[in-house]
Each structure stands twice: as structure tokens, then as C-alpha cells.
Amino acid sequence: MKIACVQMDIAFGEPELNYQRVMDYLKEAAEGGAETIVLPEMWNTGYALTELDTLADSTNRTVELLKSFAKEYKVNIVGGSVSTKKNGGFYNTMYVVDKNGELISEYDKAHRFCLMDEHIHLEEGDSLGTFELENTVYGGVICYDIRFPEWIRAQALNGAKLIFVSAEWPEARIDHWRILLQARAIENQCFIVAVNRIGSDPNNEFGGSTMAIAPWGEVRLDMKKDEGVAYVDIDLDEVEEVRNRIPVFEDRRDKLYEKFKK
């Protein structure tokens, strides 16, 4: 599978500009031969959380844009995430559409990051975030979610061979980003494809370092601070090879873990 990662700056509180930038990057990635395209977190508005009442997507605009593009260019899109207004609240939502233009996953960020006031402005999601593309199970999570190994493990236990991560991860903690992503790949014996943004907003500098990591932990792609589209080829057969060599999933002791759960 040829995956395109879009590492981009996001205009704070300017959805129209961001939608145009994303459309340009989607076209570049599709014309570059990508089979699946991955976007960063909250790309429609950035973290303009106090302005979501007027800025968040409340009309399914994002879904229709992604569906139309995916169908026209015959690509799968892991739509990063966007701020949405639904069910009487605001959410940080990841949409996934397949190459037929069908919406196959809608995941709301499960863990809200208090240091960026998400707990004040956003509702939390309660779906797992796994989905199928061409008979293969994948997972999708958003930024802070990667600090919860049990959440990523839940996706792996439900069959995910590759987990997509979309983020606005600050430069100040970019070392954590790298280490956590490699750990999640190694412990779950799966691929991790993680797309972060670059640039800044009024309160943060963002670290980039969009990465693709193999099940043994090798870094196959690192965009560092480069803006634009980068490609990585992934062979999912590697997942089964690694899981067969070290059968971590077979050696788990669920009953023991439950005994000491608090």
C-alpha cells in the first residue's frame, strides 16, 4: 500500500483557507500515486476552540468534500480530524472514506487534552475507531490518545494491523511523540502511521515529525519539519511475520489482568 502523509501548517480560525489547502494537498497526493492519504488533526480550524460555534463543521461539509474527492480520484482518505458541531456539542472528529466515496468510519477523539482546554470545549467520543478497507482492519486515533496504551491495544486486539494517528503535537514534547509512537508499534506488533502538523498558533509551536513505523519499531518515514506530501510503501504481511515470531497476543493473560484491574 502506498500511503501519502500530508504535513501542513494550519491557519488558525480560518476554515476557508484550510479547506483550500487540504484540497490542493489531496490532489498532489493522489496524482503522486497514493492509495491512501492521511491528514493531520483539526485541520479545518486549528485549536480556535473558543470560536467553534461559528467555525466548526455543522453541515457535513467535510464528509461530502472527502467523499467526492475519494470517488473521483479512487483513493482512500483518513481525513485527519476536524472540529464538528453535532448532537448539541462540539467534537474532534476523524472521518475515513474509501475509494468508492463511502464513509466507513466516524471517530470522535476519546481522550480530551486538558492542557489545551479540550475538556472545556469538546465532548469526548466513545467508539473504538477501527474500520475495514479491502478486508483488512485498521485503527484510527487522535493525538493525546497515544498516551493511553490500553486504548491502542484495544484496537490491535480487534484486528488492527495498521493504526493511523492524526495530531497537533507541540514541539515542546516532540520527543514524547517519537518514543510513544515507536512503543505503540512495538508492543502491538503493528504499523503506525502518524501525521502531525507544523507551524504555530497563538499558544503553541508544533513539532511536525510525521512518521511511519514498522512492527519492529523501525522508522520508515520521518518528515521532520518539512511541509508537504511524503510517501511510504507498507507491506501488511510484515505484521503477521512479526506476530508469529514473538506471539505476544497468544501469551497474554486476560484473566490475570482483570484480577488486578482498578
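Just so we're clear, the structure is a prediction, and the values are computed from it rather than from any experiment.
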Enquirer: Going by an N to O cut-off under 4.0 Å, is there a salt bridge joining Lys74 and Glu31?
Expert: no
Enquirer: Checking side-chain contact (heavy atoms from CB on, under 4.5 Å) for the pair Val38/Ile3: CA distance, chi angles, key distance, verdict?
Expert: CA-CA 8 Å; Val38 191; Ile3 298 175; 3.8 Å; yes
Enquirer: Is it the case that the side chain of Gln155 and the backbone of Gly140 share a donor-acceptor pair, with hydrogens and angles ignored and the cut-off at 3.5 Å?
Expert: yes
Enquirer: Return the set of residues passing ring-ring contact (aromatic ring centres under 6.0 Å, His included) with His111 (not counting sequence neighbours), or none when no residue passes.
Expert: Phe148, Trp151
Enquirer: Does the side chain of Asp108 come within less than 4.5 Å of Glu124's, by heavy atoms?
Expert: no
Enquirer: Would Glu72 and Lys67 satisfy salt bridge (charged side-chain N to carboxylate O under 4.0 Å, His left out), going step by step from the backbone distance to the final call?
Expert: CA-CA 9 Å; Glu72 178 180 355; Lys67 288 169 63 176; over 6 Å; no
Enquirer: Taking all atoms of both residues into account, what is the closest heavy-atom pair of Gly13 and Leu55, and its distance?
Expert: CA-CD1, 3.7 Å
Enquirer: Does a salt bridge link Asp57 with Lys86, judged by any charged N lying under 4.0 Å from a carboxylate O?
Expert: no
Enquirer: Please report the closest heavy-atom contact between Val165 and Cys143, naming both atoms and the distance.
Expert: CG1-N, 4.0 Å
Enquirer: Just to verify, what does Lys85 make a side-chain contact (heavy atoms from CB on, under 4.5 Å) with, not counting sequence neighbours?
Expert: Asp53, Ala56, Ser58, Phe90
Enquirer: Run the numbers on His121 and Tyr47 for side-chain contact (heavy atoms from CB on, under 4.5 Å), then give the verdict.
Expert: CA-CA 10 Å; His121 300 285; Tyr47 267 82; over 6 Å; no
Enquirer: Same cluster or not: are Leu115 and Leu180 linked, directly or through other Ile, Leu, Val, Met, Phe, Trp or Tyr residues, by side-chain heavy atoms under 4.5 angstrom apart?
Expert: yes
Enquirer: Indicate the atoms forming the closest heavy-atom contact of Ala4 with Ala34, along with that distance.
Expert: CB-CB, 3.5 Å
Enquirer: Atom NZ of Lys225 and atom CD of Glu227: how far apart are they, to the nearest 0.5 Å?
Expert: 12.0 Å
Enquirer: Rounded to the nearest 0.5 Å, how far apart are CD of Glu123 and OG1 of Thr93?
Expert: 11.0 Å
Enquirer: With a 4.5 Å heavy-atom cut-off, do Leu221 and Cys5 have their side chains touching?
Expert: yes
Enquirer: List, by chain and number, the other hydrophobic cluster members for Leu66, where Ile, Leu, Val, Met, Phe, Trp and Tyr join if side-chain heavy atoms come within less than 4.5 Å, directly or indirectly.
Expert: Val6, Met8, Ile10, Tyr19, Val22, Met23, Tyr25, Leu26, Ile37, Leu39, Trp43, Val63, Leu65, Phe69, Tyr73, Val75, Ile77, Val82, Tyr95, Val97, Leu103, Val229, Tyr231
Enquirer: Please determine whether side chain to side chain donor-acceptor pair (under 3.5 Å) holds for the pair Thr210 and Gln7, giving the CA-CA distance in whole Å, both sets of side-chain angles, and the decisive distance to 0.1 Å.
Expert: CA-CA 7 Å; Thr210 288; Gln7 181 165 281; 2.7 Å; yes
Enquirer: Mind checking the CG-CG spacing from Leu133 to Asn76? Nearest 0.5 Å is all I need.
Expert: 4.5 Å
Enquirer: Begin from the C-alpha positions of Lys71 and Glu102 and carry the test salt bridge (charged side-chain N to carboxylate O under 4.0 Å, His left out) through to its verdict.
Expert: CA-CA 8 Å; Lys71 186 175 183 179; Glu102 297 295 326; over 6 Å; no
Enquirer: Can you name the ring-ring contact (aromatic ring centres under 6.0 Å, His included) partners of Phe113, sequence neighbours left out?
Expert: Tyr144
Enquirer: Using 4.0 Å as the upper bound for N to carboxylate O, is an ion pair formed by Glu35 and Lys2?
Expert: no
Enquirer: Does Leu236 share a hydrophobic cluster with Val96, counting links as ILVMFWY side-chain heavy atoms below 4.5 Å and allowing steps through other members?
Expert: yes
Enquirer: Can you see which heavy atom on Pro40 is nearest to which on Ala167, and at what distance?
Expert: CB-O, 3.9 Å
Enquirer: After noting the C-alpha distance and the side-chain angles of Asp145 and Lys109, does the key distance pass the salt bridge (charged side-chain N to carboxylate O under 4.0 Å, His left out) rule?
Expert: CA-CA 7 Å; Asp145 285 334; Lys109 189 174 184 178; over 6 Å; no
Enquirer: May I ask you to say whether Glu238 pairs ionically with Arg220, meaning some side-chain N is under 4.0 Å from a carboxylate O?
Expert: yes
Enquirer: Checking salt bridge (charged side-chain N to carboxylate O under 4.0 Å, His left out) for the pair Asp254/Arg252: CA distance, chi angles, key distance, verdict?
Expert: CA-CA 6 Å; Asp254 285 333; Arg252 295 179 71 255; 2.5 Å; yes
Enquirer: Rounded to the nearest 0.5 Å, what separation is found between the CD atom of Glu205 and the CD atom of Glu171?
Expert: 6.5 Å
Enquirer: State which residues pass side-chain contact (heavy atoms from CB on, under 4.5 Å) with Ala156; sequence neighbours excluded, sorted by chain then number.
Expert: Asn188, Arg243, Phe249
Enquirer: For Asp126, is the CG atom crowded, meaning more than 12 foreign heavy atoms sit under 6.0 Å from it?
Expert: no
Enquirer: Kindly write out the residues that satisfy side-chain hydrogen bond (donor to acceptor under 3.5 Å, both in side chains) with Ser83, not counting sequence neighbours, or none if the list is empty.
Expert: Asn44, Thr45
Enquirer: Is the number of heavy atoms from other residues, nucleotides or ligands under 6.0 Å of Glu150 CD greater than 12?
Expert: yes
Enquirer: Are Val141 and Leu181 connected in the hydrophobic side-chain network, where two residues link if heavy atoms are under 4.5 Å apart?
Expert: yes
Enquirer: Does a side-chain N-to-carboxylate-O contact under 4.0 Å join Glu258 and Lys261?
Expert: yes
Enquirer: Are Ile174 and Met116 grouped together when hydrophobic residues (ILVMFWY) are joined by side-chain heavy atoms under 4.5 angstrom apart?
Expert: yes
Enquirer: Do the side chains of Val195 and Ile146 join up, straight or via other hydrophobic residues, at under 4.5 Å, putting them in one cluster?
Expert: yes
Enquirer: Please write out which residues are connected to Ile120 in a hydrophobic cluster, directly or through intermediates, given that two of Ile, Leu, Val, Met, Phe, Trp, Tyr count as joined at side-chain heavy-atom separations below 4.5 angstrom.
Expert: none
Enquirer: For Leu128 versus Ala154, what's the shortest heavy-atom pair and its separation?
Expert: CD1-CB, 3.9 Å
Enquirer: Using the side chain to side chain donor-acceptor pair (under 3.5 Å) rule, take Ser81 and Asn92 through it: C-alpha gap first, then chi angles, then the decisive distance, then the call.
Expert: CA-CA 6 Å; Ser81 75; Asn92 186 343; 2.6 Å; yes
Enquirer: In the hydrophobic clustering (ILVMFWY, side-chain contacts below 4.5 Å, transitive), which residues join Ile186, or is it alone?
Expert: none
Enquirer: Hey, could you give me each pair passing ring-ring contact (aromatic ring centres under 6.0 Å, His included) that has a residue in residues 161-185? Not counting sequence neighbours.
Expert: Tyr138-Phe164, Trp169-Trp177
Enquirer: May I ask you to decide whether Glu64 forms a salt bridge with Arg61, counting only side-chain N to carboxylate O separations under 4.0 Å?
Expert: no
Enquirer: For residues Asp9 and Arg197, determine if any side-chain heavy atom of one lies less than 4.5 Å from a side-chain heavy atom of the other.
Expert: yes
Enquirer: Got a sec, which residues hit side-chain contact (heavy atoms from CB on, under 4.5 Å) with Asp24, two or more places apart in sequence or on another chain?
Expert: Gln20
Enquirer: Can you sort out the partners of Arg178 under side-chain hydrogen bond (donor to acceptor under 3.5 Å, both in side chains), two or more places apart, ordered by chain and number?
Expert: Ser209, Asp222
Enquirer: Does some side-chain heavy atom of Phe191 sit less than 4.5 Å from a side-chain heavy atom of Ile213?
Expert: no
Enquirer: Name all residues meeting the salt bridge (charged side-chain N to carboxylate O under 4.0 Å, His left out) criterion together with Glu240; count only those two or more places apart in sequence or in a different chain, and write none if there are none.
Expert: Lys161
Enquirer: Provide the closest heavy-atom pair for Arg184 versus Cys190 in the form atom of the first, atom of the second, distance.
Expert: O-SG, 4.3 Å
